[in-house]
Amino acid sequence: MSYRSVFTEGLFDGKSIIVTGGGSGIGRCTAHELARLGATVALVGRNPDKLETVKREISEDGGRAFTFVCDIRDEASVIATVEAVLARAARIDGLVNNAGGQYRAALDTISTKGFDAVVRTNLTGGFIFMREVYGRWMKKNGGAIVNMIADIWNGWPNFSHSGASRGGMLTLSESAASEWAPSGVRVNTVAPGAIASSGLDTYDAKDREYIQKQITGEIPLNRFGTESEVSAAIVFLLSPAAEYVTGQFIMVDGGLGICLQTLLPM
């Protein structure tokens, strides 16, 4: 079944866009939508089987995608991937910094190693990708970057390591938007709230139950969001419709961010 988008056909014809974490969840959905709209999508991730599956799906739907196995936490791997994308597509018009992850843990139980691992995945890896894409293409040619953060307002109890890294990505994005604007580079962020995504499968059963019970009771729209609702926000920020938008964030959270979060351990 072909991906159906609310955006116009051919919106990204001739464009090349990198999607990290493109093998599953929001990244997979975003890659499908971008390809459906004409973009050549560079699928980046650590699992080659997942990447190849998404590439095959996009190809069967009439789109164009390539896969690049990369650990975003490794500088040499990121540099090699950016060079490989340029060698294959000859341009990089957009970057979706989507790869990331975390686990549920009380703040006083998080080890330094665990804290560093989450920060390197959610913040440092995205920084490396931004810097290399900017320096190797966008500085001279312009482009758009969308960084994924999370609904971190009022704190993120039991996910403090991720909250810290996502907050860092927000201010990093604002700084980059200011510094890189003269080069015609726009940098924005998307903050998903509770999304019905394959990312939930990475949590233990008890943690999935906790998230479902606690979060759904706090959301004004009283439901989980969908991957396609997040993808639509990303696509908007990459599109010509947002050419005068930079240094901003869009919350895709059903109104959760306007409420006081009190998600404490049960």
Side-chain angles (χ1 to χ4, degrees), residues 18-28 43-51 68-82 95-134 145-176 187 189-195 197-212 214-215 249 261-266:
I18 296 173
V19 179
T20 69
S24 62
I26 293 170
R28 171 177 172 265
L43 298 164
V44 175
R46 289 187 291 174
N47 188 315
D49 293 335
K50 288 184 177 181
L51 295 176
F68 302 89
V69 177
C70 172
D71 184 344
I72 66 169
R73 300 168 298 181
D74 181 75
E75 186 173 66
S77 181
V78 172
I79 292 172
T81 297
V82 173
L95 166 65
V96 181
N97 256 327
N98 169 73
Q102 58 270 321
Y103 56 91
R104 179 174 175 242
L107 176 59
D108 61 349
T109 69
I110 300 173
S111 68
T112 302
K113 182 178 180 180
F115 189 90
D116 286 343
V118 171
V119 170
R120 189 157 188 86
T121 299
N122 294 344
L123 176 58
T124 308
F127 156 72
I128 298 171
F129 241 108
M130 288 171 60
R131 184 192 65 199
E132 295 305 319
V133 164
Y134 175 76
I145 297 172
V146 177
N147 294 321
M148 302 302 293
I149 54 171
D151 214 341
I152 53 176
W153 289 263
N154 303 308
W156 198 359
N158 301 302
F159 294 92
S160 56
H161 44 8
S162 190
S165 58
R166 306 293 188 174
M169 179 55 81
L170 174 62
T171 53
L172 174 64
S173 300
E174 292 171 338
S175 299
V187 186
T189 58
V190 171
I195 305 300
S197 167
S198 60
L200 287 174
D201 296 337
T202 63
Y203 296 103
D204 293 337
K206 61 178 176 58
D207 290 336
R208 288 199 299 272
E209 182 179 2
Y210 165 85
I211 292 170
Q212 291 168 348
Q214 292 292 99
I215 294 183
F249 62 86
Q261 295 183 35
T262 56
L263 308 183
L264 301 177
M266 297 180 66

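These numbers come from the heavy atoms of this one structure, side chains and all, not from hydrogens, waters or symmetry mates.
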Output all residues satisfying side chain to side chain contact (heavy atoms under 4.5 Å, CB included) with A164, sequence neighbours left out; order by chain, then residue number.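 Per chain and number, A164 pairs via side chain to side chain contact (heavy atoms under 4.5 Å, CB included) with F115.
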Just to verify, what does F127 make a side chain to side chain contact (heavy atoms under 4.5 Å, CB included) with, not counting sequence neighbours?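 Expected list: R131, L172.
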So does [Y] get a backbone contact from the side chain of [X], meaning a donor-acceptor N/O pair under 3.5 Å?
| X | Y | result |
| --- | --- | --- |
| N98 | G21 | yes |
| T109 | A106 | yes |
| R120 | R73 | yes |
| T171 | G168 | yes |
| H161 | A117 | no |
| S165 | S162 | yes |
| T189 | N147 | no |

May I ask you to test the [X]-[Y] pair for a side-chain heavy-atom distance under 4.5 Å?
| X | Y | answer |
| --- | --- | --- |
| L170 | F249 | yes |
| L51 | V69 | yes |
| C70 | V78 | yes |
| I18 | F129 | yes |
| V19 | V44 | no |

Between V119 and T121, does a side-chain contact (heavy atoms from CB on, under 4.5 Å) hold up when you go through it step by step? CA-CA 5 Å; V119 170; T121 299; over 6 Å; no
Specify the closest pair of heavy atoms between [X] and [Y], including all atoms of both residues, with the distance to one decimal.
| X | Y | result |
| --- | --- | --- |
| A176 | M130 | CB-CE, 3.6 Å |
| G22 | L43 | O-CD2, 3.8 Å |
| G23 | R28 | C-CB, 4.2 Å |
| A99 | T20 | N-OG1, 2.9 Å |
| L123 | M169 | CD1-N, 3.5 Å |

To the nearest 0.5 angstrom, please state how far the [atom1] atom of [X] sits from the [atom2] atom of [Y].
| X | Y | atom1 | atom2 | answer |
| --- | --- | --- | --- | --- |
| I72 | T124 | CD1 | OG1 | 9.0 Å |
| R46 | D71 | CZ | CG | 5.5 Å |
| I128 | E75 | CD1 | CD | 5.5 Å |
| T81 | E132 | OG1 | CD | 10.5 Å |
| S173 | N97 | OG | CG | 8.0 Å |

Checking side-chain contact (heavy atoms from CB on, under 4.5 Å) for the pair R166/Q102: CA distance, chi angles, key distance, verdict? CA-CA 11 Å; R166 306 293 188 174; Q102 58 270 321; 3.0 Å; yes
side-chain contact (heavy atoms from CB on, under 4.5 Å), that's the test. Do V190 and V146 meet it? Break it down for me. CA-CA 7 Å; V190 171; V146 177; 3.8 Å; yes
side-chain contact (heavy atoms from CB on, under 4.5 Å) between Y103 and I110: does it pass, once the steps are laid out? CA-CA 10 Å; Y103 56 91; I110 300 173; 3.8 Å; yes
